[in-house]
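Reminder, nothing fancy here: chain letters follow the sequence lines and each chain counts from 1. Only a predicted model underlies this, so the values are computations on that prediction, with no experimental measurement involved.
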2 protein chains.
Amino acid sequence: MDLQEASLVGLRVFREVAERGTLTSAAAALGYTQSAVSRQIAALERAAGAQLLERRREGVRLTSAGHVVLRSAAAVLDQIDAATRELAGLPAEGGTVRLGWFASAGAVLLPRAVAALRRSHPAITVTTREGTTPALVRALRAGSLDLALISSAPPFRPPDAESPPLALQVLAERSLLLAVPVSHPLASGDSVDIAQLHGQSWIAAQSTGADQLMGVWPGLDERPRIAHTARDWLAKLQLVAAGCGLTTVSASLAAAAPPGVRVLPVRGGPRERRRVLLARLPGPLPEPAARVAEALRAAVESG
Amino acid sequence: MDLQEASLVGLRVFREVAERGTLTSAAAALGYTQSAVSRQIAALERAAGAQLLERRREGVRLTSAGHVVLRSAAAVLDQIDAATRELAGLPAEGGTVRLGWFASAGAVLLPRAVAALRRSHPAITVTTREGTTPALVRALRAGSLDLALISSAPPFRPPDAESPPLALQVLAERSLLLAVPVSHPLASGDSVDIAQLHGQSWIAAQSTGADQLMGVWPGLDERPRIAHTARDWLAKLQLVAAGCGLTTVSASLAAAAPPGVRVLPVRGGPRERRRVLLARLPGPLPEPAARVAEALRAAVESG
DNA sequence: TCTGTGGTATGCGTGATTGTCATGGACTTG
DNA sequence: CAAGTCCATGACAATCACGCATACCACAGA
């Protein structure tokens with residue numbers, strides 16, 4: 001019943017689990033078996049004298065004790081990282097910002113911001129990675145990201161209910177748009193009426209369970225016909241260009257639509273607004289991260 | 001060659017070693033064998049990819065890599081402590097200040113300051129412990145003390161040459177004094193001439209090696225006759241009272257001399273000045289520690 | 001209802017870690 | 001030189017932590 005008996009590997013495993021959300025995927029990421037991870041977590045819980053994870057059907061969630069330990073684990077592991085670098089004679093890793101982003105931000109917003117930043121602040125290194133909203137939020141909380149671009153749909157709930165609440169900043173609020181092949185009859189006008197969407201073929205994202213179906217215009221009162229599913233935006237848009245179906249795109253992607261695709265607004269239904277948020281842990285923002293946030297704001301506004 | 005492979009026990013052992021100055025005493029303190037400590041250090045050095053300790057005849061000293069690791073180790077272990085407390089539901093240990101002191105400060109200065117503090121700031125808990133200058137300095141650097149009272153003699157060199165240098169503040173500078181039995185011929189005057197010290201019997205502290213002989217008036221050109229040696233101040237002063245010999249006392253002790261002992265200045269020789277310093281790690285001083293420092297300053301001045 | 005598919009826990013055997021004990025080497029001091 | 005300090009290391013034992021296989025649980029879908 002004393003965290004003192006914890007081990008560094010235990011903490012590392014725990015952080016990975018907190019970030020991935022399941023023991024199994026954490027194990028895969030660490031090159032362990034699921035069994036080893038399960039044991040490490042059990043040992044850490046024994047050391048902490050409290051349950052750290054709430055086992056649920058679809059994985060695990062942190063308990064409040066779990067959050068306490070996660071915060072410590074992140075601090076401890078960062079400290080060790082810093083010492084490792086210092087021992088290796090490298091300068092303190094102060095100029096690197098780790099940024100996470102949701103898939104649609106990767107086409108336009110992210111490259112534009114990073115490019116601008118490289119010109120204006122060449123000393124800042126930005127490393128980024130893509131992820132879903134829950135994955136990005138967990139990564140923020142596990143301390144493996146500094147900033148995360150996430151998207152949010154009405155009713156614009158915060159991405160998690162943990163404490164402390166994440167610091168959120170709305171970068172943009174735009175309407176959801178529709179991608180149609182230029183050869184498609186709907187492509188002739190400057191907008192599409194929602195009634196015209198009946199009976200169309202759709203190109204959807206992998207519906208990973210609880211997530212609402214992405215790619216199909218929301219609120220249709222029919223069962224949509226899914227012609228193709230694809231995770232990748234380029235694939236989806238090329239499928240659209242090839243006339244295989246329609247799909248929804250966020251406004252931040254419109255500028256990157258390939259030839260053969262028209263991006264149009266939809267009239268008629270309720271306004272389908274989407275927000276682009278910049279999320280981070282509360283607290284003071286280090287200088288380089290603030291510059292990155294600034295560049296992201298600029299990139300959003302210039303689009 | 002990666003500190004990542006270090007273990008928490010390794011770091012804990014290393015901190016203890018850094019604080020004690022020898023593997024052997026660290027082992028005793030931790031309840032390990034010297035051999036186990038040696039192996040832990042070896043493992044940590046292997047993980048760090050650098051030698052952390054410089055082995056010397058009288059123990060070990062930290063190398064520069066060792067200081068890097070020590071700073072990290074202290075931070076990591078403190079972090080774990082904090083998490084342990086938080087898990088146990090205790091409030092953050094913000095109101096406790098750990099103060100170290102040199103033996104002569106224990107009689108008057110320390111009790112006075114602590115008593116005053118308990119009246120003026122009852123919320124602050126002060127835990128203290130006695131130690132030699134090197135032990136206190138090591139404890140500061142290992143993060144197991146917040147403040148340390150140390151004494152310093154000319155040429156008033158800093159207590160260690162490590163980096164970053166300790167923050168030092170001179171609380172008082174006073175002359176060394178002489179304790180004589182009231183029954184002793186020298187006790188009749190208001191001061192003693194250095195010439196009168198020839199041939200006297202002395203009560204000295206344990207001369208633990210390199211330390212200069214404590215208790216005997218410095219600079220005598222004869223080999224002093226040591227009648228008794230004692231570590232404890234009460235014992236030494238009672239021996240003086242019993243007429244067994246003379247000894248030197250710091251001015252901060254004068255007020256606590258028992259009956260039967262007179263404390264007198266010495267004329268003639270070079271001025272034997274002694275400073276009382278308050279030492280701490282550089283950097284911002286947390287609020288409660290600042291209050292303790294203030295109380296110590298006040299206690300010195302009111303004496 | 002049965003079966004497949006996510007996920008986590010656990011019994012068992014094995015190899016690596018991490019201790020103790022005992023010993024040895026380098027050095028200082030009386 | 002003998003005795004004391006200190007640290008390092010070979011031999012051994014106990015424990016730990018892993019992988020494997022399997023059990024378990026909840027849910028989804030035919």
Side-chain angles (χ1 to χ4, degrees), chain A residues 4-14 16-47 51-63 66 132 134-135 138 206-211 213 223, chain B residues 2 4-14 16-47 51-63 66 134-135 138 206-211 213 223 226 229:
Chain A
Q4 314 280 350
E5 297 165 17
S7 78
L8 280 179
V9 265
L11 296 180
R12 205 164 353 250
V13 166
F14 181 65
E16 197 69 39
V17 168
E19 180 166 347
R20 304 265 165 184
T22 76
L23 303 208
T24 310
S25 75
L30 293 164
Y32 285 169
T33 49
Q34 175 269 324
S35 151
V37 170
S38 175
R39 285 173 205 282
Q40 283 288 353
I41 298 297
L44 192 58
E45 288 185 320
R46 191 160 5 96
Q51 196 165 328
L52 303 179
L53 298 178
E54 188 186 327
R55 276 72 170 173
R56 327 182 97 228
R57 341 287 156 235
E58 68 280 10
V60 293
R61 275 173 41 110
L62 297 199
T63 63
T132 65
R138 284 193 304 258
Q206 315 268 32
S207 76
T208 13
D211 252 352
L213 203 52
R223 190 180 220 272
Chain B
D2 207 342
Q4 315 281 349
E5 296 165 18
S7 77
L8 280 179
V9 263
L11 295 180
R12 206 165 353 253
V13 166
F14 181 65
E16 198 68 39
V17 167
E19 179 165 349
R20 303 266 165 184
T22 74
L23 304 207
T24 312
S25 74
L30 293 165
Y32 284 171
T33 323
Q34 174 268 323
S35 151
V37 171
S38 175
R39 285 177 201 282
Q40 283 288 353
I41 299 295
L44 193 58
E45 288 185 319
R46 191 160 5 96
Q51 197 163 329
L52 302 179
L53 298 178
E54 188 185 326
R55 275 72 170 174
R56 326 181 100 230
R57 336 291 156 231
E58 69 278 10
V60 294
R61 275 172 41 106
L62 298 198
T63 63
R138 282 192 305 258
Q206 316 268 30
S207 76
T208 13
D211 253 351
L213 204 52
R223 190 179 220 274
I226 311 290
T229 70

Without decimals, in angstroms, what is the distance between B:Leu11 CG and C:dT18 C1'? 16 Å
Side-chain donor or acceptor of B:Arg12 paired with backbone N/O of A:Gln4 under 3.5 Å: yes
Which heavy atom of B:Glu54 sits nearest to which heavy atom of B:Thr63, and what is that distance? N-CG2, 3.9 Å
Side-chain heavy atoms of B:Leu23 within contact of B:Leu53, under 4.5 Å: yes
Kindly state which residues belonging to residues 30-40 of chain A come within less than 4.0 angstrom of DNA chain C, counting heavy atoms of the residue only, listed by number. A:Gln34, A:Ser35, A:Ser38, A:Arg39
At the 4.0 Å heavy-atom cut-off to chain B, mark where contacts on DNA chain D begin and end, going 5' to 3'. D:dC6 to D:dA11
Any chance you could lay out the side chain to side chain contact (heavy atoms under 4.5 Å, CB included) test for A:Leu52 and A:Ile41, step after step, and finish with the verdict? CA-CA 8 Å; A:Leu52 303 179; A:Ile41 298 297; 5.7 Å; no
Residues B:Gly10 and B:Gln40: closest non-hydrogen pair is CA-OE1, 3.5 Å
Expressed as a whole number of angstroms, how long is the span from B:Glu58:CD to C:dT29:C1'? 14 Å
Send over the distance from A:Leu44 CG to C:dA9 P, rounded to a whole Å. 13 Å
Mind calculating the distance between CZ (B:Arg56) and P (C:dT28) to the nearest angstrom? 12 Å
Measure the distance from CZ on A:Arg20 to P on C:dG6 and round it to the nearest whole Å. 18 Å
Closest non-hydrogen atom pair between B:Glu45 and B:Gln51, with its separation: OE2-CG, 3.4 Å
Exercise: identify the closest heavy-atom pair between A:Leu8 and B:Ala6: CD1-O, 3.2 Å
I'd like to know if the side chain of B:Thr22 reaches the main chain of B:Ser25, judged simply by a donor and an acceptor atom lying under 3.5 Å from each other, with no hydrogens or angles considered. yes
Specify the separation, in whole Å, of atom CG of A:Leu52 and atom P of C:dT8. 15 Å
Take atom CZ of B:Arg57 and atom C1' of C:dG25, then tell me their distance rounded to the nearest Å. 13 Å
